[in-house]
Amino acid sequence: MKPVIIIQGPTAVGKSSLALDIAQKFKLDIISADSRQVYKYMDLATAKPTKEEQALVKHHLIDIINPDETYNAGLFARQASHLVDETDLNFPIICGGTGFYISSFLEGLCKIPEIDDSIRHALIQEWEIKGNEYMYKQVQAIDPIVAEKISANDKQRIIRALEVFYATKKKLSTYWQEQGFMQTRKVLNILILDEREAIYDRINKRYDTMVKSGLLDEIKSLIEMGYNEKSPGLTAVGYKELLPYILHKSDLADCINLAKQHSRNYAKRQLTWYKRNNFNLVFYRKSIKYSSIDNFIKRFIDNY
RNA sequence: GGCGGGAUAGCUCAGUUGGUAGAGCAGAGGCCUGAAAAGCCUUGUGUCCCCAGUUCAAGUCUGGGUCUUGCCA
């Protein structure tokens with residue numbers, strides 16, 4: 001397994017520009033670890049690197065699926081591993097805000113086969129008819145270990161536990177127990193942080209800029225292409241809140257405020273997630289010293 | 001000017017036949033094994049607009065006022 005540099009941080013903290021800077025200096029490739037930048041035609045509110053930036057540095061796992069398709073942590077882990085270990089890209093720098101994708105790539109997920117969507121759809125239908133209590137009781141009967149860990153309201157995890165069991169005839173908790181210890185990859189895992197208020201402020205301003213840059217037109221053209229509020233891509237923060245304005249003439253200012261609010265909520269969850277992860281380097285945005293980051297990068301690359 | 005709504009947590013609002021209040025969202029904290037920009041958990045003392053009255057007891061009834069909103073003029 002080849003070594004990788006990783007840059008993580010809450011949304012709007014400046015990960016991408018740092019990654020771009022480092023990648024240019026050291027001739028690296030960037031692998032995006034972002035659950036929304038994978039979507040084509042969704043550029044502005046995903047804060048995707050611009051075409052110009054992508055021309056400067058080779059970016060991977062951006063624009064790989066259509067807005068009506070789904071993506072997940074397992075796919076990311078597999079595709080990122082393939083890129084890093086089985087292709088001849090430049091030394092890789094993985095940069096993105098989807099922490100779960102990065103930990104899936106680093107630590108691996110348990111070995112559950114791909115499960116056909118039809119099983120999940122059937123379970124969701126059953127949920128709608130029979131309700132959460134009924135579905136939760138199924139989990140309790142099938143897999144008490146998992147049931148113990150999740151809430152009776154946690155639709156996603158209840159359905160996940162059930163689909164794994166019905167599709168593979170094996171309990172989710174059995175997969176957990178079978179999961180062996182993954183060999184560890186050499187990583188330089190960097191976290192960028194900032195004051196909460198500063199992050200929130202930057203989120204608000206950045207969203208205004210996105211709207212000014214033509215976000216509404218971008219969404220309108222997605223709708224013209226046939227995508228709608230049910231398309232997985234359009235459930236992204238920054239998009240879903242503007243749909244009521246475009247489709248039903250809701251108040252634009254309200255929609256914009258809601259989008260900002262959801263972005264702030266998202267940043268908060270990211271920050272909580274990072275607390276339990278280990279990093280080799282933690283930088284505060286204000287006090288980033290590029291020269292010192294460069295030294296760490298140089299030493300890391302030279303060692304491998 | 002006339003008639004009618006409304007005034008309760010930062011915001012939107014519930015409050016049953018009078019017994020000093022509760023949801024959602026926000027905020028704060030946390031969780032997270034293929035939906036993760038998702039999903040979930042914990043956390044609610046506020047002159048119940050003001051004044052007077054009835055009552056053992058009023059957010060809840062009565063009178064007056066203030067503000068607000070809709071319709072008619």
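The figures that follow rest on heavy atoms only: side chains count, while hydrogens, waters and symmetry mates do not. We name chains A, B, ... by the order of the sequence lines, and we start the count at 1 in each one.
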Could you check whether any side-chain heavy atom of [X] comes within less than 4.5 Å of a side-chain heavy atom of [Y], counting everything from C-beta outward?
X	Y	result
A:Asn153	A:Ile158	no
A:Ile124	A:Lys155	yes
A:Phe76	A:Phe100	no
A:Val139	A:Val146	yes

Which one, [options], comes nearest to the side chain of [X]?
X	options	result
A:Trp273	B:A37, B:G39, B:C32	B:C32
A:Thr98	B:G34, B:U33, B:A37	B:A37
A:Arg276	B:C32, B:A37, B:G34	B:C32

Calculate the interatomic distance between [X] atom [atom1] and [N] atom [atom2]; express it in whole Å.
X	N	atom1	atom2	value
A:Phe100	B:C32	CZ	P	11 Å
A:Tyr175	B:G34	OH	C1'	12 Å
A:Lys149	B:C40	NZ	P	17 Å
A:Tyr39	B:A38	OH	P	12 Å
A:Leu75	B:A35	CG	P	10 Å
A:Glu114	B:A35	CD	P	9 Å
A:Ile65	B:A37	CD1	P	13 Å
A:Tyr266	B:A38	OH	P	8 Å

Read 5' to 3' with Watson-Crick or G-U pairs under 3.5 Å, [ ] for crossing pairs and | for partners on another strand, RNA chain B gives (((((((..((((........)))).(((((.......))))).....(((((.......)))))))))))).

Joint hydrophobic cluster, [X] plus [Y], side-chain heavy atoms closer than 4.5 Å:
X	Y	answer
A:Val4	A:Ile93	no
A:Ile7	A:Leu61	no
A:Ile199	A:Met210	no

Sticking with atom P, work out how far B:A38 lies from B:G6, rounded to a whole angstrom.
38 Å

How far, in whole Å, is B:G34 from B:U42 if one measures between their C1' atoms?
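Those two atoms are separated by 27 Å.
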
Identify, with sequence neighbours excluded, every residue that meets side-chain hydrogen bond (donor to acceptor under 3.5 Å, both in side chains) alongside [X].
X	value
A:Glu197	none
A:Arg185	A:Asp85
A:Asp302	A:Lys298

Going by the glycosidic torsion and a 90 degree boundary from 0, is the base of B:G34 oriented syn or anti?
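This nucleotide is in syn.
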
At 4.0 Å (heavy atoms only), tell me whether A:Ala45 reaches a base, stays on the sugar-phosphate, or touches nothing.
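Contact class for A:Ala45: base.
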
Under 4.0 Å, heavy atoms only, any strand: does A:Phe76 hit a base, just the sugar-phosphate, or nothing?
nothing

Under a 4.0 Å heavy-atom criterion, the protein footprint on nucleotides 25-30 of chain B, written with B, S and -, is -SSSBB

For residues 161-182 of chain A, pull every pair meeting side-chain hydrogen bond (donor to acceptor under 3.5 Å, both in side chains), keeping only residues two or more places apart or in separate chains.
A:Arg120-A:Glu163, A:Gln138-A:Tyr166, A:Asp143-A:Ser173, A:Arg160-A:Glu163, A:Thr168-A:Tyr175, A:Lys170-A:Glu178

If each of A:Gly108 and A:Asp154 is mapped to the nucleotide of RNA chain B with the nearest heavy atom, which maps nearer the 5' terminus, i.e. the 5' end?
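Final value for this comparison: A:Gly108.
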
Please compare A:Ala47 and A:Leu172 by the position of their nearest nucleotide in RNA chain B and report the one closer to 5'.
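Its nucleotide being nearer the 5' end, the pick is A:Leu172.
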
Checking the side chain of A:Thr50 only, and the main-chain atoms of A:Glu53 only, is there a donor and an acceptor separated by less than 3.5 Å?
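Yes, the answer is positive, given that a donor and an acceptor are paired below the 3.5 Å cut-off.
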
Determine whether a donor-acceptor pair (N or O, by modelled atom type, separation under 3.5 Å) exists between the side chain of A:Tyr207 and the backbone of A:Gly238.
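Indeed, once roles are kept as given, a pair shorter than 3.5 Å links the two residues.
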
Can you name the residues that form a side chain to side chain contact (heavy atoms under 4.5 Å, CB included) with [X], not counting sequence neighbours?
X	answer
A:Thr272	A:Lys268
A:Gln156	A:Asp154
A:Asp254	A:Asp251

Can you list, in residue-number order, the parts of [range] that come under 4.0 Å of RNA chain B, counting heavy atoms only?
range	answer
residues 128-144 of chain A	none
residues 236-256 of chain A	A:Ala236, A:Val237, A:Lys240
residues 228-235 of chain A	none

So, OP1 or OP2 of B:A37: does either fall under 4.0 Å of a side-chain N or O from A:Thr11?
no

Can a side chain N or O of A:Ser104 be found less than 4.0 Å away from OP1 or OP2 on B:G34?
no

State yes or no: are the ring centers of A:Phe296 and A:Phe300 separated by less than 6.0 Å?
no

Can a cation-pi geometry be assigned to A:Arg276 and A:Trp273, taking NZ or CZ under 6.0 Å from the six-membered ring centre and within 45° of the ring axis?
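Here A:Arg276 passes the 6.0 Å and 45° test against A:Trp273.
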
